[in-house]
Each structure stands twice: as structure tokens, then as C-alpha cells.
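Letters go in sequence order (proteins before strands), and every chain restarts at 1. This is a predicted model, so every value here is computed, not measured.
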Amino acid sequence: MSAETDLPKAYEPNEVEERWYQAWLDQDCFTANPDSDKEGYAIVIPPPNVTGILHLGHVLNNTIQDVLARRARQEGKEVMWLPGTDHAGIATQTKVERELRAEEGKTRRDLGREAFLEKVWEWKEKHEGIIFKQLKRLGCSCDWSRERFTMDEDYSQWVSHVFSELFKQGLIYRGKRMVNWCPVSLTALSDEEVIMKPQNSKLYYMKYEVVDSPGEFLEIATTRPETLMGDVAVAVNPKDERWGQYIGRKVRRPFPAAEIPVIADDHVDPEFGTGALKITPAHDKADFEIGLRNELEIIDVLHPDGTLNLPEMPEFDGLDRFVVRRKAAAKLEELGLLLKVEEYENNVGYSERADVPVEPRISMQWFLKYPAVEEARAAVADGEITYRPERWAKTYAHWLENIQDWCISRQLWWGHRIPVWYRADQAHALREAESLTLANMEGGQIHVGEEAPSEGEWVRDDDVLDTWFSSWLWPFATMSNLGEKSAELKKFYPTADLVTGPDIIFFWVARMVMAGFHFQDELPFRNVFFTSIIRDLKGRKMSKSLGNSPDPLDLMEKYGADGLRFGLMRIAPVGADVRFDEAQVEEGRNFANKLYNACRLRLMTGGEVMQALPPVSELRPYHLDILQKADRLAENLTQAYADYRFNELGSLLYEFLWSEFCDKFLEAVKIDLRGGVAGTATTLAVFDRIMLRYFQALHPFMPHLTEELALRMKYLPEGSFLMNSPLPEAPLLAEVPAAHAHAEAVYAVAGRLRNLKAEYHLAARKDVRFVVKNTIPWLTDELDVLSLLVGAEEIVVDDEFAVTKGTPTVLTDAGEFVLPLDGLIDVEAEKKRLQKEITKVESEVEKSLKKLQNPKFVENAKPEVVAVEKERHASWLEKLKQLRELFSALDSD
RNA sequence: GGUCGAUUAGCUCAGUGGUAGAGCGCUUGCUUCACACGCAAGAUGUCACUGGUUCAAAUCCAGUAUCGACCACCA
């Protein structure tokens, strides 16, 4: 016996996985060659935050990408899976600021821009790469030689170039606009970074006195009394009869005291509150619009950090907006102007990162009019880009059709600084200018570009760009330097598949499509696969604060990377959320072990690897059956890949190996595998031919295990890798002889006989004998296998066998099987068993009869459906007849 | 308010018009010379509800309920 028999009984993945990953790296298996003759296939990774760590969402997402990449290699394509990270402006800066405050008690302003940025770079150096180490542990076949970062110098050149181009095209402008302001991060946010959350608020009803009619009041409802100091008008709907008489008159704002006009505006909903709306143009988007329409003054009463800016009212000045809300309400009450307060649930916009309510605020920002909007819309609508699941295409289209200019400036330090320079002598005026456009550049007042002009003194804009303003260039800026049509770009762009979450359709996917068209004249990817959100068993999102998010590294330690990959892929439905259960990963681990043990069985038999199949004439039904199923598996996998049905791929692979290959085939040919029998060589050949193909089929899901087993089984020449071996094209069986069907028949009979044994509590007994009567001819050749499958001493053919009363008998398609127990069995028990079966069969007969007697069924149904039904009915009828005979034999004395 | 999903076994989910499925869990029996991370047998369903289309509906259509996601300037 060889050393292989000393293989441990259970597969131990950890050492194997580490060893194979290193081997792949050492042999440059993941490195893409842009000069290759093969067809190019590329995926760009959705760049994780540079200092991020791996969570289950990443595992799902990246496993899918790895499966696609590995499959594409097997299909003979030149694969480039390009990895990289995102600088994640707000997220990273916030982390560093928090650390700075905790450790040194300083703010970023205490350090100054340059020193602070140095800190952030240090932080980045310290924490970057963690997530990639984790992806390597998972087995991801990224081309690590091409790792990119959105703030790499080359990449930054792209960002600045794109800004300049868009500015020169008149698509970027600067202006004072109402934006979403985060009072904690002290920066503007895009609409997409604002999360609406339902909030238990209060609706305050108050009254403003009518100036020309003392004692008469206008009633107003608001959720934000803290902004009333910025009120410049009260608006009512012109059609609202209750208030029409006040339009054009004035009411008294109680504090600071002022007379403000009552105006008419269609926006006001007469049904809501009192039908009168206080107008605070500085602190509400809708009010701002109304202010513009009515040329109202803008009074800003808030500091950027959300505290009140109202020196004339020291009781409020400097206090937080929410404190002032209560104080203002109290003051109204004191003044007798507060009518009532109602509980009220409304939606409040929160800052995605800082998780505080955003403040609508007028500020000077840079905006982009999106380019290539129509092309981007059409690409998905016309199917040039395929969305999976398709329904996200509608979400995408809706966004593009209602697209708003993108606020791209951020009042942060970490990021790409806006490449705009102001002439030093005019800097102050330019910074405050109502608008800045192309005209200012043409007039020589500003310069746009990464470097200041050599002549004269220039100062740079202080703001940085939204992180997504760099991410949207990802598919091509990672592949080429500015101004260069790189080999990579020629070979791999457009990329094939993008795998990402539907939550970033607007942030990222849509914008990449626009950038692709605008800057490369070409869409950036052809397929977008949207992964599902992973939830816990209670349906909650995974989150750090809930503590319901298992660490993927722990899971890999416990179950192996392959186990985690397989478990997750099997449960990832197309387009719905996944409820994560560790038991599913355990299942993946168990599956790896099952395969390992099937191979262990083969290794224990020993013998050479069989390179060719014996002629079909030498194959038994079990061989034909499993070969045919292996071919069918390959076809089904191809189809499932075409449809991106990863969960189905998992199920197909699982089902074939466990149910078909192990439970049926291996059990049927076990004698051969113990060696030294006539059939051994044939069976080994079938095993080897199928298993090599199966390793390839499974490889994208379980790359480490399959490489390891292919090596141990000596299926591949020394030094070659399973991951690089192309999928075979020809099926294992060119033609399938009819005898393959005998195998399934034997398995079915075995099931019935095992069932019978169990009913008489003989499941564990190996010494039982069966007699078969009226069998079909070919079965006699298969009785040895049948005995093995059933766990019987022997099964003999004896048409003359006299069945004594009470002897259990089962009817099968292959004959009448008797389990002679010679009086051990209670006649009544056997009658009961038969009666149960008769009842079952009777109801089947009735069901199919009913169907066949329906003339409309016979007329309208497809002929093959009717034929099947007829056959079914006939066989049930025959069975019923036989069962009744058996039963009456018991009954008669 | 609008849009889009989901609802199938105790749990997680497959199932695109023709006999309701898998894994886990549960019950029973097995330490059988690949595997107890295993083997064998078994029980378990108003396919959310109400209508409609059809010879035939878990499947197609309409509505209802519940849950969820996204969009939206009712303060």
C-alpha cells in the first residue's frame, strides 16, 4: 500500500490553500498579457476603501468575480482582473481626524493642511493592503502587478485632465447653490450621499400677527422653528380661499422682529398643516426656490457646524440647531404665539458618513452638468450593456431621466485638489464671484490644470473633488496613462463584467458609463451583475454596530476559503437578498470533504491514472450512466454560466458529485474499486476521466482543493496547473447506448428494497436474501450490484418460488421481489402495508384517469404530454392489479 | 405619494403552464474496509389571500394583505 492510504480522513484546507495561492503567484498565473493572441477578458474590481477590511459582502462580490475570471481562463481567454483601492475621501479623512482627536486632542486645522495630509498618507500606508491580503486568502486571482490606487500619480493626472476637459467644454461651473451640507464633516455632499430617514418629529403650529390688522393672525405649521429667524415671507397657495385675502399684506415675524410679506406660490399644499408656509430661503431647498421666484432676501442664521449665527439674539447665538429648536418653541409659547405641538413623522435627510441630519445650505460649490447622458441611457435601454437582474435597468433609467447637476466639490483635504488657480491679485474677488465659468478662464483670471502657470502668482482652489469624481474613471484610468492608448486599453477595454451592488448604481455604475462614452467613446463594460445584500438570519443588514457580521477570516480559518466560497455561492440568489447562515458555509466545508474522500477512495485502490476510456462496448450501465450525466453537467454548467446563475452552478456541482457520483455510481462499482477484479481497470478509467473534468468544472468555485487533488491524483503533467488547463470540448460519450438506462432502474429498485428492509427493521442486516420473480432479462446481469446496493446476501431469480402467506413482496418495474421471512411476519402487518400502498396507487390511478377522460386535455395538450399521461396510467393500473392479487392471496386461506 | 421586488416544509431557499423540490433541522436504524464533515430509511406543504385566464396555475393576469428596497422639495 502506498503512502496515499495514510491520507487523513478529513480534508484540512488551510495549509493546502496557502500553498496553492503561493504557487499561483510564483508562476505568475494571474498576470495578464496584453500582447497575447487570446481573446481579452477583463474585470475591474470595485475598489474597496484603501484602509477597509473584508466583510461578507466583499467575499460574495469577489468570489463571483473570481469565478468569472477563472472560468474565462479555462475558456481560453486572456484574463485581466484588475485590483485597486479607493481613497474614500470623507471616510478616510474622518477616521484620521478621529484618531488625531483621541490621541493628540487636535483637529485637522490645528495641524494645517500639509501636516494633516501627511498624517493621512501615513495612515494609508499603515492600513492599506489589509483587504488585499484577505482577498488573497480567499483565493482571488487578481493581477496584483497592476494594483491601482485612485490617488496614484498617474491616476491623479487623469482626474485633473478630466476636470479640465469638462471645464473647457463648459460642463463644469462654479456657483452659489443650495447644497446638502454635513455639519459634522463640514462639507457639501451630493444628493446621493444623503439618506432619507423617517423621524419622529414635532409639528409646531404658531401664529404671526397681521401687520395691518392687529389682533388678527396667520397660522403657520413648521417642523423647524429654529429657522424662523431666517424667515423672509409666508407663502400660501393662490387658490386657497382661506388665505387669499392676505396675499400682498404683511405679517410680523416675532423674533428678531420684522415685517415680512405674505406671498402666493403654487408649491404650497393647502391640505398640509395650516396651508401657510414660512419661507426660509437659506435653510430649505424648496424655500430657496420660492425665494428665487419671488426675489426674496436670503438670511442665513446658521454657522457651517449647525450652530446658530445670530449675534443680535445672544440667547440663541452659538447654540446647536436642535437646542435652538426647543428654545425657539419655548419662546413662542412665552409670547403666546405657539398654538399647539403635534407628534409628526417625517423624512429627514442624513449624511451617509457622519449619520447626522444634513443642513440645506447655500454655498459656493463646483458643479458638473453630466456628459453623455443620452448615450449612457440608451446603452442600457438598448441592451448594449446588460443588467442582471434586468430590473435595475429601470432604476438606472429613471435616475438618468431626472438627472441633476453633480456637486463635485468637497470642503475636505483628503482627495484630489480642484485643479483651478486664481490670479493672486484677484483671488479674493474670484473666490466670492457669483459664478465662475469658461469665460473667466478665457479672460485669464483663472487657470485650470494640475500646475500653476509659470508666469505670475496664482493660488489654488482649496476644495477637493468628490471621491466618485475619481472612481467614475476607474475602468480606463487604471489601464492607461493620460494621453496614451495603452496595450491594455486596446486589449481589455471595454471590460467584460462588472460585479457590484445595486446600492451604487448612481454613485458609480451610471457615472462610469457616462465617463466611458465621453472619454473613451466606448462603454466601459458589457455586463453588470448586481449582487445581493447579505443579511443575518433575522433579515437585518450586516453591520459592525449590531455585531451580526461574522469575520470572513474566522470563517475561512474554520471552514477553509473553498468552503466559504462554495457555501456563499450556493445561497446567493439572483437579485434578492441573502440571509447568511454559518451552516451554509459548513455545508461548503462538508462538500469539500466529500470530494476529498471520493478521491481518497480512488487513491486507496491505487493503480495508474487512466488516460483513455475503454471502448463503449466494455462499459457497464453504471459507467454509461455517470458518463452521460457528466456530459449533461457540463452542458448545464455552460448554460448557467451564460445566464450568470451562480447559485444554480453551485447546486449542479453539488448534486452531481454527491448524489450521482458518490451515492449512486461509487456505491454501484465499489467492488471494482477494492481492486483486483475484472472490472477494476474500466471503472478506474471512468473515474479518472470524469474526475478530471469535474475538477475543472468545480475549479472556479473551489480553486485550491481542485488544484490539490488534481496534483495528488497525478491528473496533470508535472508543473502544469489545473487553473490553466482549457476545458475539453468533446463530450465523454459521443453516443449513449440504451443500456445506460438500466443503471437508473437498478438504483430505483435498490431504493424499494432498502425501503422494504427498513420497514421490517432489517436495515442494518447484510444477510438477508431476496427472491425475484418475473424479472426482466437484463436484470440477471445486475443482481450482484443490486445486492451490494441493497445490502443483501444474495438475490436469486426463481419464477417458481412459492410465496408463503405473509411474506413481504414489492412490485417494481424490474420484477416482483420477495423477502422470504418464513412466517416471522404477522399477516395482518403485511396486509396493512399492502393496503397502504394500494390506497396510494389507487389515488394515482384515479388522478390520471380523470385527466385522460377530459376530452379537452386530450385535444389541447401537447401529444407528448398526453402520451406520458397514458403510460403513467397504464403502469399504475398494472401495479394496482398486482397489488390486489398479493393482497387477496393473503386474505384467502 | 411613486416605482420595483418578495411571500413555497420548522429554518435558508430552488422551482417560466403538465405527478410540489434541495440542504439544514427533526424521527428511526447504522462506527459497513472513502467520508459521522458520513450512510440508509422516514415524517413534514391551504405554494400569503381573493378573483380571473386555461383542458390544466406555485407558475400567467387583476386586486388585497404583510415585509423590504429605491425614488420624491408636504413644511
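Taking atom P on both nucleotides, B/C33 is separated from B/C39 by 14 Å, rounded to a whole Å. Comparing the P positions of B/A48 and B/A58 gives a spacing of 10 Å, expressed to the nearest Å. Taking atom C1' on both B/G17 and B/A56, the two are 7 Å apart, rounded to the nearest angstrom. A distance of about 42 Å separates the P atoms of B/U66 and B/U28, rounded to the whole Å. Taking atom C1' on both B/U19 and B/A57, the two are 15 Å apart, rounded to the nearest angstrom. B/A62 sits 36 Å from B/G23 when the C1' atoms are compared, rounded to a whole Å. Taking the C1' atom of each, B/G45 and B/A14 are spaced 15 Å apart, rounded to whole Å. Comparing the P positions of B/A20 and B/C24 gives an interatomic distance of 24 Å, to the nearest angstrom.
Comparing B/C37, B/A41, B/A75 against the side chain of A/Asn590 picks out B/C37 as the nearest. With distances taken from any side-chain atom of A/Gln584 to the nucleotides B/A34, B/U12, B/G15, the minimum falls on B/U12. Comparing B/A75, B/A34, B/C73 against the side chain of A/Ala286 picks out B/C73 as the nearest. Of the listed nucleotides (B/C37, B/A75, B/G15), B/A75 has the atom at the smallest distance from the side chain of A/Asp269. Here the side chain of A/Asn854 is nearest to one of B/G38, B/A41, B/C55, namely B/C55. For A/Asn647, taking side-chain heavy atoms from C-beta onward, the closest of the listed nucleotides B/G23, B/C71, B/A14 is B/A14. Set against B/A72, B/U12, B/G5, the side chain of A/Asn347 has B/A72 as its closest nucleotide.
When Watson-Crick and G-U wobble pairs are counted only if both distances are under 3.5 Å, B/G5 pairs with B/C67. Across all strands shown, B/U53 forms no Watson-Crick or G-U wobble pair with both key distances under 3.5 Å. Figure legend. B/C74 is base-paired to no nucleotide; pairs are counted as Watson-Crick or G-U wobble with both atom distances under 3.5 Å. If you check B/U12 for Watson-Crick or wobble pairing at under 3.5 angstrom, you find it paired to B/A22. In this structure, B/U46 forms no base pair with any nucleotide, since neither Watson-Crick nor G-U wobble geometry is met with both distances under 3.5 Å. Partner assigned to B/C30 is B/G38, using Watson-Crick or G-U wobble distances below 3.5 angstrom.
For A/Phe661 and A/Tyr694, the distance between ring centers is not under 6.0 angstrom.
Taking 4.0 angstrom as the limit, A/Asn860 places a side-chain polar atom (N or O) nearer than this to OP1 or OP2 of B/C55. Look at A/Asn755 and you won't find any side-chain N or O under 4.0 angstrom from OP1 or OP2 of B/A40. Proximity of A/Arg391 to the phosphate of B/C4: no side-chain N or O atom is located under 4.0 Å from OP1 or OP2. Phosphate contact (OP1/OP2 of B/C4, side-chain N/O of A/Trp399, threshold under 4.0 Å): absent. Phosphate contact (OP1/OP2 of B/C39, side-chain N/O of A/Lys594, threshold under 4.0 Å): present. Checking the phosphate oxygens (OP1, OP2) of B/A6, no side-chain nitrogen or oxygen of A/Arg535 falls inside 4.0 Å. Applying the 4.0 Å criterion to OP1 and OP2 of B/A75, one finds that A/Tyr204 has every side-chain N and O outside that range.
Spacing between atom CD of A/Glu271 and atom C1' of B/G1 amounts to 14 Å, rounded to whole angstrom units. If you measure from atom OH of A/Tyr11 to atom C1' of B/G38, you get 19 Å, rounded to the nearest angstrom. Taking atom CD of residue A/Glu648 and atom P of nucleotide B/G23, one finds them 16 Å apart after rounding to whole Å. Between A/Lys278 atom NZ and B/C73 atom C1' there is a gap of 15 Å when expressed in whole angstrom units. To the nearest angstrom, C1' of B/G18 lies 7 Å from CZ of A/Phe857. Rounded to an integer number of Å, the gap from A/Phe506 CZ to B/C70 P is 10 Å. The distance from atom CE of A/Met691 to atom P of B/A34 is 15 Å, rounded to the nearest whole Å. Separating the CG atom of A/Leu603 from the P atom of B/A34 is a distance of 13 Å, rounded to the nearest angstrom.
The base of B/C73 lies close enough to the side chain of A/His267 for a donor and an acceptor atom to sit less than 3.5 Å apart. The base of B/C37 lies close enough to the side chain of A/Arg589 for a donor and an acceptor atom to sit less than 3.5 Å apart. Side-chain to base pairing of A/Glu667 with B/A34: one donor and one acceptor N or O lie within less than 3.5 Å of each other. Counting atom types as modelled, A/Lys670 pairs a side-chain N or O with a base atom of B/A34 as donor and acceptor under 3.5 Å. For A/Lys394 and B/C4, a side-chain-to-base donor-acceptor distance below 3.5 Å is absent, hydrogens and geometry of angles not being considered.
Using a 4.0 Å cut-off between a side-chain N of Lys or Arg and a carboxylate O of Asp or Glu, A/Glu744 and A/Lys664 qualify as a salt bridge. Using a cutoff of 4.0 Å between basic side-chain nitrogens and carboxylate oxygens, A/Lys202 and A/Glu343 are scored as salt-bridged. Using a 4.0 Å cut-off between a side-chain N of Lys or Arg and a carboxylate O of Asp or Glu, A/Glu844 and A/Lys879 do not qualify as a salt bridge. We find that A/Glu859 and A/Lys856 are not joined by a salt bridge, their nearest charged nitrogen and carboxylate oxygen being 4.0 Å or further apart.
The residue A/Val268 sits close to a base: some heavy atom pair falls under 4.0 Å. The residue A/Cys662 sits close to a base: some heavy atom pair falls under 4.0 Å.
Between A/Arg224 and A/Lys856, the residue anchored closer to the 5' end of RNA chain B is A/Lys856, taking for each the nucleotide with the nearest heavy atom.
Cation-pi check for A/Arg752 over A/Phe817 is not met; the charged atom does not lie both under 6.0 angstrom from the ring centroid and within 45 degrees of its normal.
Judged purely by distance below 3.5 Å, without hydrogens or angles, the side chains of A/Glu648 and A/Ser651 never pair a donor atom with an acceptor atom.
Paired with A/Phe566 under the rule ring pair (Phe, Tyr, Trp, His ring centres under 6.0 Å), one option of A/Phe646, A/Tyr559, A/Phe591 passes, and it is A/Phe591.
You'll find the side chain of A/Tyr747 reaches within 4.5 Å of the side chain of A/Tyr622, heavy atoms only.
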